[in-house]
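Notes to accompany the following structure.
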Amino acid sequence: MRTQIAAANWKMNLTLQQGEALLDAIIAQPHSLNANQQAVFAVPFPYLAMAQQKLAGKQNVFVAAQNCYSKKNGAYTGETSVEMLQSLGIQYVVLGHSERREYFHESNQFLAEKVNICLEYNIRPIFCCGEPLSIREANTQNAFVAKQLEESLYHLSAEQLQQVVIAYEPIWAIGTGKTASSAQAQEMHAFIRSQLAGKYGTAVADSISILYGGSVKAANAVDIFGQPDVDGGLVGGASLVADEFVAIINALKK
Ligand code: PGA
């Protein structure tokens, strides 16, 4: 069974004190993660150390950064290197979120560089892909997503690709309350897996976790995560509410 992941993406939300209280409330609630399940918290940079400390020793629970820079170190004021993240014990980084692609103009090529440096430091990228509404309306979403995968990931070896988690996040479903139907999610996830199989073979494609993102909440998580090619979710808004996120963790496939 592929690893099933409930990943929280706090984005640019919460104060330090609110973040601490949220993690405390989540930890306090009963949730059980099987060997094949993980909970990941992508928190803002200033809270990484706090989250690492609070979640230390918790089985199958990881802290993620929401971004990193593509260079090892140097005169890049305001940026955060993968080496810095590694020195904090961080094991995941969200890359290529549509908000970074849109507001910070991150291209597929630039993201390929970030993927490379993460893998060099043994940090696993949660690589986001997904189409805007205009592309969905033109029914060209498959070609759009295929190009994102090709230009950012297909230079990797099979072993490297297996360190990558993919998150499919249709932009029209992010923060809009409009979720892709579970059938739409399954259709795209199966397409992504078939593309990976075409490039790397079925065994490799079958081992890669593909998360769905876009208005996942407690009320729809069981249905979406129940799809055969959906291996969990990347969750924004609902990850800021303890009860919601605990229910989402508990909705992962066993
Ligand atoms: P949302 O965000 O759950 O608030 O739609 C998901 C994401 O952007 O990762």
Side-chain angles (χ1 to χ4, degrees), residues 5 7-14 16 19 38 40-53 55-56 62-132 144-169 171 174 192 195-196 199-200 204 208-211 213 234 236:
I5 302 173
N9 178 11
W10 288 5
K11 308 192 181 185
M12 197 177 76
N13 290 300
L14 308 178
L16 175 64
Q38 297 181 357
V40 175
F41 293 87
V43 306
F45 285 125
Y47 309 160
L48 287 170
M50 174 279 287
Q52 278 288 81
Q53 243 166 16
L55 301 172
F62 299 92
V63 177
Q66 297 177 12
N67 183 30
C68 67
Y69 197 48
S70 59
K71 305 284 190 224
K72 277 195 174 161
N73 54 42
Y76 301 104
T77 302
E79 291 297 329
T80 301
S81 75
V82 174
E83 189 180 41
M84 293 173 189
L85 298 176
Q86 189 193 48
S87 71
L88 284 170
I90 300 301
Q91 295 182 45
Y92 281 103
V93 177
V94 177
L95 288 184
H97 191 282
S98 60
E99 289 148 17
R100 295 218 57 89
R101 292 175 185 267
E102 183 180 349
Y103 305 136
F104 303 98
H105 312 293
E106 297 196 2
S107 66
N108 293 340
Q109 289 72 18
F110 185 48
L111 291 168
E113 290 177 35
K114 292 191 179 194
V115 167
N116 289 346
I117 196 148
C118 284
L119 294 175
E120 198 179 321
Y121 284 86
N122 287 321
I123 291 187
R124 302 185 64 183
I126 299 175
F127 177 80
C128 303
C129 57
E131 78 286 355
F144 186 90
V145 170
K147 189 168 177 334
Q148 289 179 321
L149 299 175
E150 183 184 338
E151 294 187 351
S152 297
L153 298 181
Y154 286 1
H155 62 285
L156 300 176
S157 68
E159 291 69 31
Q160 288 175 319
L161 186 82
Q162 285 176 301
Q163 296 307 309
V164 177
V165 171
I166 293 176
Y168 168 61
E169 300 204 304
I171 298 171
I174 293 178
I192 290 171
Q195 292 292 109
L196 297 177
K199 174 78 186 163
Y200 292 95
V204 171
I208 305 239
S209 300
I210 307 178
L211 316 184
L234 180 57

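In what follows, residues are counted from 1 in the order of the sequence shown. Small disclaimer: the values here were computed from a predicted structure and weren't measured.
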Find the distance between [atom1] ([X]) and [atom2] ([Y]) and round it off to the nearest 0.5 Å.
X	Y	atom1	atom2	result
Arg100	Phe104	CZ	CZ	5.0 Å
Leu161	Tyr154	CG	OH	8.0 Å
Cys118	Glu113	SG	CD	12.0 Å
Leu88	Thr80	CG	OG1	9.5 Å
Leu111	Cys129	CG	SG	11.0 Å
Asn9	Ile174	CG	CD1	9.0 Å

Item checked: Lys/Arg N to Asp/Glu carboxylate O, Glu79 vs Lys71, below 4.0 Å -> no
Can you tell if the side chain of [X] reaches within under 4.5 Å of the side chain of [Y], non-hydrogen atoms only?
X	Y	answer
Phe41	Leu48	no
Leu149	Ile166	yes
Cys68	Leu95	yes
Leu55	Val63	yes
Ser81	Tyr76	no
His155	Asn116	yes
Arg101	Ile171	no
Val204	Leu196	no

Atom of [X], atom of [Y] and distance for their closest heavy-atom approach:
X	Y	value
Gln195	Ala146	NE2-CB, 3.6 Å
Met84	Ser87	O-OG, 2.6 Å
Asn67	Leu85	O-CD1, 4.1 Å

Taking [X] for its side chain and [Y] for its backbone only, find out whether a donor-acceptor pair lies under 3.5 Å.
X	Y	value
Gln66	Lys11	yes
Tyr47	Leu16	yes
Gln52	Gly89	yes
Tyr200	Leu156	yes
Arg124	Tyr92	no
Ser70	Lys114	no
Gln148	Gly130	yes
Gln86	Tyr121	yes

Item checked: Glu169 side chain to His97 side chain, donor-acceptor N/O pair below 3.5 angstrom -> yes
Check: Does a donor on one side chain and an acceptor on the other come within less than 3.5 Å for Tyr168 and Glu131?
Finding: yes
